[in-house]
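Both counts, for ligands and for their atoms, begin at 1 and track the order of listing. We're numbering straight along the sequence, starting at 1. This one's a predicted model, so the numbers in the text were calculated from it and none came from an experiment.
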Amino acid sequence: MAKLFAQMRMIAGALALAIVVAMATPVSAQQPNSVNPTASAVKEQQLLQQLKIIQGRGSIPDANSYVLEQPGGRDWRNWHEVTLRWIGGIAVLGALALIVIVYLARGMVKIEGGRSGRKIVRFSAFERFVHWLTAGCFVILALSGLNITFGKSLLLPLLGPNAFTAWSEAAKFAHNYLSFPFTIGVVLIFLIWLGGNIPNAVDVAWFKRGGGIVGNDHPPAGHFNGGQKLIYWIVVLGGAASAVSGYLLMFPFYGTGIEGMQLAEIVHGSVGVLFIAAMLGHIYIGTIGMEGASEAMSEGTVDINWAKQHHSLWLADEMSQTKGSGQTRPMATPAE
Ligand code: HEM
């Protein structure tokens, strides 16, 4: 009898084991399919809506890293991945298209009557140094910044992951470190040229007459004309906005929380791409858009006829100062 009971216990145990195995096997085999990824229990969106924030605990000292999702995170991502790309694409390609149209319609603005062969000093060596310091940093900041906005979609497919990673790392280092000389350059530009860049009635008249680009008019202008003053204020205010927002991003969580950083990135990205569009216009006028302009920043001098055409009030002022002082300023340097 005892033997019979023992045999029955064994059979019952074996049956129970078989049932467990039979039930367990299909469950484990079907595990990946049996989890419904859209089930409400795992819907991040619902969790986020209810909790407003998804965070846990971590083992590294930076408590900010414990937050996985937070209000506004997806809006910010959509801004960065979609909206900013549209703004940047329209601003940069729009500026390039406008430049092509102006060039085709107007061509290079020539020095009327040709060069006189006499030159006048326009910018000192220090002024040119400050200009090129800021401009050089700007170009690299612009390219490395555009890489953050567009690189993943435009360059990654062309370069492949390894080359893109190496380039992006170098670009990111350049963006961070060149921000410092750029900021110094913007502060110096603000200080050295502030006096000549206060808007006045002459600038209003200059704009009303098309600034010498629209039509063949050459409205009078002082050392800086209305267009150059506009560029000055774009550089000063755009540079300040880039620097403040950029340093908030570079030193995360020092001056602001996550919402402040999202705002800083929105400001930085928008100002950055608009700044680039404006500077494309500036580069155009300073090079192929106007004969005789680039030498003001390369050599520091311009032809007297150029000055007469584009900055007649400044030339008259310089002439009268020279006469008054009885000195021969380096303005009468003959061209080679
Ligand atoms: C003091 C000056 C600047 C500082 C401190 C700075 C700093 C930064 C930082 C920390 C980032 C974020 C990088 C990342 O997400 O890894 C960034 C992005 C960016 N910067 Fe700058 N930057 C400065 C100037 C500029 C200038 C002058 C331009 C434009 C010419 C510019 C254009 C951009 C652009 C387009 C982005 C990418 C925005 C995005 O897609 O999110 N930055 N910058």
Side-chain angles (χ1 to χ4, degrees), residues 62 64-65 72-96 99 130-156 164-191 230-284 286:
D62 181 6
N64 289 310
S65 68
R74 287 165 193 230
D75 295 343
W76 177 82
R77 186 175 61 192
N78 189 60
W79 148 265
H80 185 259
E81 305 286 307
V82 182
T83 317
L84 179 60
R85 288 185 186 169
W86 274 103
I87 297 174
I90 291 171
V92 174
L93 295 180
L96 288 173
I99 286 170
V130 170
H131 174 271
W132 288 119
L133 170 79
T134 318
C137 293
F138 180 87
V139 170
I140 298 174
L141 286 168
L143 293 175
S144 51
L146 287 177
N147 186 55
I148 296 168
T149 314
F150 296 105
K152 201 169 64 178
S153 39
L154 295 185
L155 285 184
L156 179 59
F164 181 69
T165 304
W167 144 249
S168 296
E169 197 182 4
K172 179 67 184 121
F173 272 115
H175 201 90
N176 281 5
Y177 286 108
L178 289 180
S179 70
F180 298 105
F182 172 77
T183 308
I184 294 171
V186 169
V187 171
L188 289 174
I189 282 180
F190 171 66
L191 294 175
L230 188 64
I231 290 293
Y232 170 87
W233 286 108
I234 288 175
V235 169
V236 168
L237 299 177
S242 308
V244 171
S245 55
Y247 290 126
L248 286 176
L249 293 172
M250 201 188 288
F251 301 104
F253 300 110
Y254 275 86
T256 167
I258 190 76
E259 287 92 357
M261 283 183 56
Q262 285 167 352
L263 182 65
E265 194 277 340
I266 289 171
V267 170
H268 195 78
S270 331
V271 169
V273 291
L274 297 176
F275 205 171
I276 293 168
M279 287 304 116
L280 286 172
H282 173 67
I283 294 167
Y284 166 72

Side chain of S144, backbone of L141: donor and acceptor closer than 3.5 Å?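 Yes, the answer is positive, given that a donor and an acceptor are paired below the 3.5 Å cut-off.
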Can I87 and W79 be said to form a side chain to side chain contact (heavy atoms under 4.5 Å, CB included), step by step? CA-CA 10 Å; I87 297 174; W79 148 265; 3.7 Å; yes
Determine whether the aromatic ring centres of residues F182 and Y177 are separated by less than 6.0 angstrom. no
Centroid-centroid distance, F138 to F275, less than 6.0 Å: yes
Heavy-atom distances under 4.0 Å are what count here, so tell me which part of M279 touches ligand 1: side chain, backbone, both or neither. neither
Heavy atoms only: which of [options] is nearest to [atom]?
atom	options	result
atom 27 (C) of ligand 1	W79, F251, F182, F150	F182
atom 10 (C) of ligand 1	L249, T149, I148	L249
atom 6 (C) of ligand 1	K152, H268, K172	H268

Please report which non-hydrogen protein atom sits nearest to [atom], along with the residue it belongs to and the distance in Å to one decimal place.
atom	result
atom 26 (C) of ligand 1	L141 CB, 3.9 Å
atom 39 (C) of ligand 1	E265 OE2, 3.1 Å
atom 3 (C) of ligand 1	S179 CB, 3.6 Å

Is it the case that ligand 1 has an N or O less than 3.5 angstrom from some N or O of N176? no
Heteroatom proximity flag, Y247 to ligand 1, N/O under 3.5 Å: no
Against heavy atoms of [X], which atoms of ligand 1 measure under 4.0 Å?
X	result
G246	4 (C), 5 (C), 6 (C), 7 (C), 10 (C)
L84	39 (C), 40 (O)
I276	30 (C)
A243	1 (C), 2 (C)
A142	30 (C)
M250	5 (C), 10 (C)
T183	1 (C)

Could you check whether any side-chain heavy atom of I234 comes within less than 4.5 Å of a side-chain heavy atom of M279, counting everything from C-beta outward? yes
Worked verdict on T149 versus R85 for side chain to side chain contact (heavy atoms under 4.5 Å, CB included): CA-CA 7 Å; T149 314; R85 288 185 186 169; 4.1 Å; yes
Atom [atom1] in [X], atom [atom2] in [Y]: separation rounded to 0.5 Å?
X	Y	atom1	atom2	answer
I258	N64	CD1	CG	7.5 Å
R77	Q262	CZ	CD	12.0 Å
Y247	F180	OH	CZ	5.0 Å

Side chain to side chain contact (heavy atoms under 4.5 Å, CB included) between R74 and N78, intermediate numbers included: CA-CA 6 Å; R74 287 165 193 230; N78 189 60; over 6 Å; no
